[in-house]
Amino acid sequence: MKHTVSISALLATIWLANSGHYTGLLLSFGVVSVALVVWVCHRMDVVDHESQPIHLTRHLPRYYSWLVVQIIISNIDVVKRIWLGSSTISPGTRRFPVGQKTDIGRVVYANSINLTPGTISVELSDSEVLVHGLTQANLNDLDAGEMSRRVDQLEK
Amino acid sequence: MNDAIEFLSGALLLLGSFLIFTGALGVLRFPDTLSRMHAAGVTETLATTLLLMGLMLLAGWSLVLLKLIMILLFILFTSPTSSHALAKAVWRHQEHETKGGRHD
Amino acid sequence: MLAVTTFTLLLVMAMAMVRGFAGPSIFDRVLAANLFGTKTVLLIAVLGFLFGRPEFLDIALLYALMNFISVIAILRYFEHTQKAEEGRSADE
């Protein structure tokens, strides 16, 4: 039930932000289309804690602020290497164990790996993630497990 | 006050442009596909954010601001997914090639 | 500043085209197409501000959606055609 409310609120916000015309007729069109999309989503059975992870909301600001700092740091590193040339990079792949218990935790982890330039998650399975790194240092940083630990905290 | 905002947005736009140019340069310079994807990642995360934030400062409080935020969020949510799909396809292809090589 | 940004974006799109034509693999071309698409979204948004027509942002949003779907679709296509070819070579 609370997931239905949250998806309706999200869709209504998107409609209101994009329309810009607040007359009775257009607003009723909005209500009809939101209802239609929610109904279709229910039929597809995608309205649950996975498409609407509201249980994560409480921990998200802390994780995002940490992630933004990481993204800036790794961006600066990659930019430096681009200007210095190909001789400064040492690409490689490595497998890392994935400790997250839920699918959503694993997806957040893999997406965070992708969002920080310098590391790309190539393959994700239940227990392992294959990561391609621009330098060995990038892979070592990931091996230290800071990001994994923070995603664990997010899951709780 | 307005001058300060305009100056700040100009600075963000310039920095974003520089990062986007750097990313494209990396895509041209790096030796293999997966390394090039890291360079493309620079343009998709920080550079896009800086450019759109520069535009947000110009927009002020209006619906335009909300639309810019939506574009930014959409790019930030989808770019890791598409780069994961691309990296996986590249990896599968490379594995296939090396297997084929051993087969011959 | 908006003019400078527009110019840089056009330059970057040209660079993405160079990578797209140079290849060498199909995935480099997909990467270039993806880069080109993201930059198009930004270019439309910046042009909207340069010409003082913020309605352009709706088009930019639509283009961002299309760009994502098209990249996923292209990759799906190549993955499946590759699998089909593998199957065919296994039959032979």
Side-chain angles (χ1 to χ4, degrees), chain B residues 6-7 9-14 16-25 27-28 32-34 36-37 39-40 43-44 47-48 51-52 54-55 58-59 62-68 70-72 74-75 77-79 81-83 85-94 96-97 99-100 103, chain C residues 1-9 11-16 18-20 22-32 34-39 41-46 48-49 54-58 60-65 67-72 74-76 78-79 82-83 85-86 89:
Chain B
E6 234 164 69
F7 177 78
S9 110
L12 285 174
L13 286 176
L14 262 190
S17 304
F18 169 73
L19 283 178
I20 281 190
F21 177 74
T22 308
L25 194 70
V27 172
L28 286 182
D32 60 288
T33 313
L34 283 167
R36 284 180 201 131
M37 288 184 59
T43 69
E44 263 160 28
T48 306
L51 267 188
L52 288 178
L55 293 183
L58 287 182
S62 59
L63 273 187
V64 175
L65 181 71
L66 273 178
K67 278 180 195 166
L68 283 170
M70 269 173 55
I71 294 177
L72 178 59
F74 188 79
I75 290 180
F77 278 127
T78 54
S79 84
T81 309
S82 50
S83 63
L86 186 54
K88 199 169 169 179
V90 173
W91 185 254
R92 288 270 164 84
H93 182 73
Q94 281 175 357
H96 181 71
E97 293 276 285
K99 252 185 228 161
H103 217 68
Chain C
M1 262 338 111
L2 286 171
V4 177
T5 314
T6 313
F7 178 75
T8 319
L9 282 169
L11 184 68
V12 164
M13 285 162 82
M15 286 160 89
V18 171
R19 177 44 79 201
S25 74
I26 190 80
F27 303 108
D28 291 294
R29 296 180 214 271
V30 175
L31 178 66
N34 188 19
L35 196 64
F36 194 85
T38 328
K39 299 298 112 31
V41 175
L42 291 177
L43 183 69
I44 295 171
V46 173
F49 277 82
E55 311 92 89
F56 275 29
L57 284 179
D58 296 324
L61 192 60
L62 197 68
Y63 208 93
L65 291 161
N67 183 40
F68 174 62
I69 302 288
S70 64
V71 168
I72 298 290
I74 291 173
L75 288 172
R76 279 268 152 206
F78 283 117
E79 211 171 297
Q82 224 172 50
K83 265 183 199 150
E85 266 168 32
E86 266 171 52
S89 59

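Lettering follows sequence order; numbering is per chain, from 1.
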Task: Region of C:Val46 in contact with chain B, defined by heavy-atom distances below 4.5 Å - done: both

TODO: Look at B:Leu28, B:Val64, B:Leu51 and state which one has the largest set of heavy-atom pairs under 4.5 Å with chain C.
DONE: B:Leu28

- [ ] Measure distances from B:Phe74 to the heavy atoms of chain C and classify the residue's part below 4.5 Å as side chain, backbone, both or neither.
- [x] side chain

Open item on the list: Please identify, among C:Arg76, C:Arg19, C:Met1, C:Glu55, the residue contributing the most non-hydrogen atom pairs under 4.5 Å to chain B.
Closed with: C:Arg19

Task: Proximity breakdown for B:Ala59 and chain C, heavy-atom pairs closer than 4.5 Å - done: both

TODO: Would you name the heavy atoms of C:Met15 and B:Phe21 that are closest together and state the gap between them?
DONE: SD-CE1, 3.7 Å

Task: Which atoms of B:Leu58 approach chain C - backbone, side chain, both or neither, heavy atom under 4.5 Å - done: both

Open item on the list: Give me the atom names and distance for the closest heavy-atom approach of B:Arg36 to C:Pro24.
Closed with: NH1-CD, 4.1 Å

Open item on the list: With heavy-atom distances below 4.5 Å as the criterion, would you say the side chains of B:Ser17 and B:Ile20 are in contact?
Closed with: no

Task: With B:Thr78 via side-chain hydrogen bond (donor to acceptor under 3.5 Å, both in side chains) - residues at least two apart - done: none

Task: Residue among C:Leu43, C:Val41, C:Leu42, C:Thr38 satisfying side chain to side chain contact (heavy atoms under 4.5 Å, CB included) with C:Tyr63 - done: C:Val41

Task: Atom group of C:Leu75 that falls short of 4.5 Å from chain B, counting heavy atoms - done: side chain

TODO: Locate the shortest heavy-atom distance separating B:Ala40 from B:Val27; write the atom from each residue and the value.
DONE: N-CG2, 3.9 Å

Open item on the list: Counting only non-hydrogen atoms closer than 4.5 Å, does B:Leu63 touch chain C with its backbone (N, CA, C, O), its side chain (CB onward), both, or neither?
Closed with: neither

TODO: Could you tell me which residues satisfy side-chain contact (heavy atoms from CB on, under 4.5 Å) with C:Val4, sequence neighbours excluded, listed by chain and number?
DONE: B:Leu14, C:Thr8

TODO: Report the C-alpha separation of C:Asp58 and B:Lys67 in whole Å, then their side-chain angles, then the decisive distance to 0.1 Å, and conclude whether the salt bridge (Lys or Arg N to Asp or Glu O under 4.0 Å) test is met.
DONE: CA-CA 8 Å; C:Asp58 296 324; B:Lys67 278 180 195 166; 3.0 Å; yes

TODO: Quick one: closest heavy-atom pair of C:Ile72 and B:Ser82, and the distance?
DONE: CD1-CA, 4.3 Å

Open item on the list: Please identify, among C:Ile74, C:Leu57, C:Val71, the residue contributing the most non-hydrogen atom pairs under 4.5 Å to chain B.
Closed with: C:Leu57

TODO: Under 4.5 Å heavy-atom distance to chain B, tell me which part of C:Ala64 shows up: side chain, backbone, both or neither.
DONE: both

Open item on the list: Under 4.5 Å from any heavy atom of chain B, what part of C:Thr5 do you find: side chain, backbone, both or neither?
Closed with: both

Open item on the list: Is C:Leu61 close to chain B through its backbone or its side chain, or both, or neither, when contacts mean heavy atoms under 4.5 Å?
Closed with: both

Open item on the list: Counting heavy-atom pairs closer than 4.5 Å to chain B, which one of C:Ile26, C:Leu65, C:Asn67 comes out on top?
Closed with: C:Leu65

